[in-house]
Amino acid sequence: MVSSTYARRTASAAKPFILRPSERGELSTIIIRSQNSIPSTQPQQIPLQKSLKTDQNASVVNDALKAFDDMLQLQTQPPISSFNTLLGTVAKSKRYRDLFIMFDRMAEVDLLPDYIGMHILLNCYCDLKRVGLGFAVVGGIIKRGYKPNIVTFTSLIKGLCLEDKLGDALSLLRKIIGFGFRPNVKTWGTLVNGLCRSGNAKVALRLHEEMRNGTVGFDLKFDPNLIYYSCLIDGLCKEGLVEKGKELFLEMEGRGISADVVAYGALINGLCRIGDWERGRDLFFQMMDRGIRPNVVTFNMLIDALCKEGKTDEASGLLDFMIRRGEKPDSIIFNTLIDGYCLERRIGDARKLFVSMRDEGHERDVASYNVLINGYCKCGRSDEAMSLFKEMLCNKYKPTVITFNTLLTGLFQKGKVKDAQELYSSIKDYDLTPDSATYSILLDGFCKNDCLEEAIEFFQTLEKSGYKPNSLTCNCLLDGLCKAGKLDLASELFGRFSEMELAPSAYTYSIMINGFCKGGQLEKANNLFLEMEKKGCAPDVATFNTLMRGFCDNNDADKVVELLHLMAERSFVPDSYTAAIVVDLLSKDQSYLKYLELIPSFSDKGEEMRTR
DNA sequence: ATAGGGTTAG
């Protein structure tokens, strides 16, 4: 190992520590007084500083920053490990902007970070989704004569996962295993988390099972812990595989690992999301019986679940209960409840809570505004949504892409195409970049407001700018073209999917099938239905419904019945659209009454699905 | 002194 170089400078070379607005867009700066100004013990805060009021770690971090500033000015420099401790504290609080300033300050006095310090920097880049810079740091680590270890690679794997480079993460893992590195439980946890967050919980589960069963194909010390299991359980639950999650939960406890509030939360949230509020509540009580104290996050899951069920008053009661238990509500809880009122179209109550937040000293954040703006938009009150937007700007809240996407949706819904276009062009003025959702909203908005030309033109501009539209964005235009009867243009765009390296989804096919059906080209619709299966894209209930609706409207009842049989064969659960088609079919021709027998077989399956 | 977990808004 190479020892770190300390070149010392006089204490006066170090500047007072001035923190700039951090990554999270905090509104002001704080100044930590340097020794030679006022010898105060407390860091001075300018009142505008928002995050610090709510951030419990803020004082710890501020103390660390002050100590760091002091240490840089000492005549006898403390050991590098002391700097590392402070770097580690700030890194843990995710105050990356401050962390970079610390590294800058160190560089100013020629104090090179050592092995640990470089890993803190590496991990920081990975968290910021700048894994390329992370690799550069690794290059620096090697250049300095250090050897990367499993910590180095775990950080890189996380960075790759965060940038959605799952394939690269996996091949890096394979490579280091080949080099003889031994991934540990944190490495596996990182990978499992990465897989789950990118919608690959099933892959994570397979990996888990292979490791557990010893069939993974390489030498492995499998020693899962609570956090590892929590990642997996949460990932499975988020993909709706709650029963698998429960199994893993039991497997974990079977290994003597007791669940904590997070592990329980994963399951409770999973159950709530699939609408199994009863079992979610039971689990909540079970958790409390075991002496595990629910916290704000747990309560938020339940409050959100109640809100989504339309039981906002009960949700509000639960919030009171939480407060009585001594948990301090945070902005997320309030935002959830405000959203609940909005969902119920109780915009007055939503506004009241929004106002009372400020009056009672609870910090609002940009999401509070976004939620309420969405509420107004959903109620068709886009003017009030826009005034709220202006109000948030006046109050120095920085809008996000979500703010714009919400407003754009609201404006298009009210047919205010010009306003929407204007708002869209203003996005860049806020240092924001539209995302794929913005593009979809624009395309969809143009199409639904009879501005097909604008939609086509916008799409072309996007492509010319080098942007690669994703399939969801293409679907918007595709749907617009189909609904406008421009089947030739739609077919052309559909035909370009592979050239654009996009895979049509079941939804894409449904759009095209619907287009052909409405255009009276039933055969083409049917061929597309057959084609999608050949290409490995499984139709879903909506695809069946679309095609059946086409045949039904075309009075081809036999074909509808054939498709109904096919659905039943494949254990599809029919929905209300399916039901409407069947009803239509029967009203057209009583002789199809005999096919009613299909319905009980469906509903049995539906029941089975629900109770499983 | 460096790597891994849960909640809201489109």
Side-chain angles (χ1 to χ4, degrees), chain A residues 79-89 91-92 113-124 126-127 137 141 146 148-159 161 183-194 196-197 224-235 237-238 260-270 272 294-305 307-308 330-340 342-343 365-375 377-378 400-410 435-438 440-441:
Chain A
I80 191 79
S81 61
S82 306
F83 287 97
N84 288 339
T85 309
L86 300 178
L87 288 170
T89 304
K92 276 226 160 53
D114 70 349
Y115 192 63
I116 300 293
M118 291 182 90
H119 276 84
I120 294 174
L121 184 63
L122 158 65
N123 195 50
C124 171
C126 291
D127 274 344
V137 173
I141 287 173
Y146 297 127
N149 62 12
I150 193 62
V151 177
T152 322
F153 295 119
T154 302
S155 275
L156 289 171
I157 287 168
K158 174 178 65 173
C161 288
N184 59 28
V185 66
K186 289 192 182 184
T187 317
W188 295 121
T190 304
L191 184 68
V192 163
N193 198 31
C196 289
R197 286 174 53 133
N225 63 10
L226 177 60
I227 295 181
Y228 167 90
Y229 268 113
S230 303
C231 292
L232 191 54
I233 293 166
D234 184 59
C237 287
K238 286 220 170 76
D260 67 355
V261 66
V262 179
Y264 264 107
L267 269 187
I268 292 171
N269 199 29
C272 289
N295 59 21
V296 196
V297 177
T298 327
F299 277 108
N300 190 58
M301 293 164 175
L302 298 171
I303 288 173
D304 189 45
C307 286
K308 299 273 191 302
D330 59 6
S331 63
I332 296 182
I333 288 262
F334 283 108
N335 297 346
T336 302
L337 204 51
I338 292 171
D339 191 47
C342 290
L343 284 171
D365 58 19
V366 60
S368 319
Y369 276 98
N370 288 348
V371 164
L372 194 57
I373 286 173
N374 183 49
C377 287
K378 288 279 131 55
T400 63
V401 178
I402 297 178
T403 318
F404 284 97
N405 290 349
T406 307
L407 284 166
L408 288 169
T409 307
D435 62 12
S436 66
T438 320
S440 297
I441 292 164

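Reminder, nothing fancy here: chain letters follow the sequence lines and each chain counts from 1.
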Within the 4.0 Å heavy-atom criterion, would you say [X] contacts the bases, only the backbone, or no part of the nucleic acid?
| X | value |
| --- | --- |
| A:Val261 | base |
| A:Ile120 | sugar-phosphate |
| A:Thr152 | nothing |
| A:Ala91 | nothing |
| A:Phe153 | nothing |
| A:Thr336 | sugar-phosphate |
| A:Val297 | base |
| A:Ala266 | nothing |

Rounding to a whole Å, what distance do you find between [X]:[atom1] and [N]:[atom2]?
| X | N | atom1 | atom2 | answer |
| --- | --- | --- | --- | --- |
| A:Tyr228 | B:dA3 | OH | C1' | 16 Å |
| A:Asp339 | B:dT8 | CG | P | 10 Å |
| A:Asp127 | B:dA3 | CG | P | 9 Å |
| A:Ile338 | B:dA9 | CD1 | P | 13 Å |
| A:Tyr264 | B:dT7 | OH | P | 19 Å |
| A:Ile157 | B:dA3 | CD1 | C1' | 10 Å |
| A:Lys308 | B:dT7 | NZ | C1' | 10 Å |
| A:Asn295 | B:dG6 | CG | P | 13 Å |

Heavy-atom donor-acceptor pair, [X] side-chain to [N] base, under 3.5 Å:
| X | N | answer |
| --- | --- | --- |
| A:Asn184 | B:dA3 | yes |
| A:Asn300 | B:dG6 | no |
| A:Ser81 | B:dA1 | no |
| A:Ser230 | B:dG4 | no |

Go through the steps for A:Asn295 and A:Thr298 under the test side chain to side chain contact (heavy atoms under 4.5 Å, CB included), then give the verdict.
CA-CA 5 Å; A:Asn295 59 21; A:Thr298 327; 2.9 Å; yes
Starting the side chain at C-beta, find the nucleotide from [options] nearest to [X].
| X | options | value |
| --- | --- | --- |
| A:Leu226 | B:dG4, B:dG5, B:dG6 | B:dG5 |
| A:Thr154 | B:dA3, B:dG4, B:dA1 | B:dA3 |
| A:Ile150 | B:dA1, B:dA3, B:dA9 | B:dA3 |
| A:Lys92 | B:dT8, B:dG6, B:dT2 | B:dT2 |
| A:Ser155 | B:dT7, B:dA9, B:dA3 | B:dA3 |
| A:Val151 | B:dA3, B:dG4, B:dT8 | B:dA3 |
| A:Asp114 | B:dA9, B:dT7, B:dA1 | B:dA1 |

A:Ser368 side chain to A:Asp365 side chain, donor-acceptor N/O pair below 3.5 angstrom
yes
Side-chain donor-acceptor pair under 3.5 Å between A:Thr154 and A:Thr190, yes or no?
no
Within the distance-only criterion (no hydrogens, no angle test), does the side chain of A:Asp330 pair as donor or acceptor with the backbone N or O of A:Ile333 below 3.5 angstrom?
yes
B:dG5, OP1 or OP2 - any side-chain N/O from A:Asn193 closer than 4.0 Å?
yes
Verify the contact: side-chain N or O of A:Lys158 to OP1 or OP2 of B:dG5, cut-off strictly under 4.0 Å; return yes or no.
no
Qualifying residue for side-chain contact (heavy atoms from CB on, under 4.5 Å) with A:Val366, from A:Asn335, A:Thr400, A:Val371:
A:Thr400
Ring pair (Phe, Tyr, Trp, His ring centres under 6.0 Å) partners of A:Tyr229, counting only residues at least two apart:
A:His208
Does A:Asp339 form a side-chain hydrogen bond (donor to acceptor under 3.5 Å, both in side chains) with A:Thr336? I'd like the steps, not just the answer.
CA-CA 5 Å; A:Asp339 191 47; A:Thr336 302; over 6 Å; no
